[in-house]
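Along the sequence shown, residues are numbered consecutively beginning with 1. Scope of the values below: all heavy atoms of this structure, side chains included, with no hydrogens, waters or symmetry mates.
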Amino acid sequence: MLKTDKKVGELCIVCNETKNFGIHLYTSFICVDCEKEMIRTETNSPEYKFYVNRLKKINTPQIYS
């Protein structure tokens with residue numbers, strides 16, 4: 001019997017945790033918990049800048065022609 005410590009899910013670019021549910025934005029994954037928090041965060045909140053900086057990690061896929 002093989003023992004595997006492999007986590008199921010994907011790494012969230014906001015909280016850096018492996019989660020099972022969330023959304024894909026281009027090549028990145030955002031978990032449901034972070035998505036909900038981002039939606040509720042007001043633009044004048046200190047957390048807003050944190051979320052904006054995390055979202056800057058998202059890479060837009062290149063279009064090759």
Q | For V52, the rest of its hydrophobic cluster, which grows through side-chain links under 4.5 angstrom | A |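 Result for V52 is Y48.
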Q.
Hydrophobic clusters here meaning ILVMFWY residues chained together by side-chain heavy-atom distances under 4.5 Å, can you tell me if V14 and Y26 are in one?
A. yes
Q.
Just verifying a value: how many Å separate F29 CZ and I58 CD1, rounded to the nearest 0.5 Å?
A. 12.0 Å
Q: Drop me the distance from I23's CD1 to E35's CD, to the nearest 0.5 angstrom.
A: 4.0 Å
Q: Using the side chain to side chain contact (heavy atoms under 4.5 Å, CB included) rule, pick out the option among N16, I30, I13 that qualifies with R54.
A: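 The option that passes is N16.
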Q) Nearest heavy-atom pair of C12 and C31: which atoms, and what distance? A) SG-N, 3.4 Å
Q: Go through the structure and list residues passing side chain to side chain contact (heavy atoms under 4.5 Å, CB included) with F21, not counting sequence neighbours.
A: V32
Donor-acceptor list for residues 36-45 side chains, cut-off 3.5 Å, not counting sequence neighbours:
from : atom 1 : to  : atom 2 : distance (Å)
E37  : OE2    : R40 : NH1    : 3.3
T41  : OG1    : E37 : O      : 2.6
S45  : OG     : E47 : N      : 3.4
S45  : OG     : E47 : OE1    : 2.3

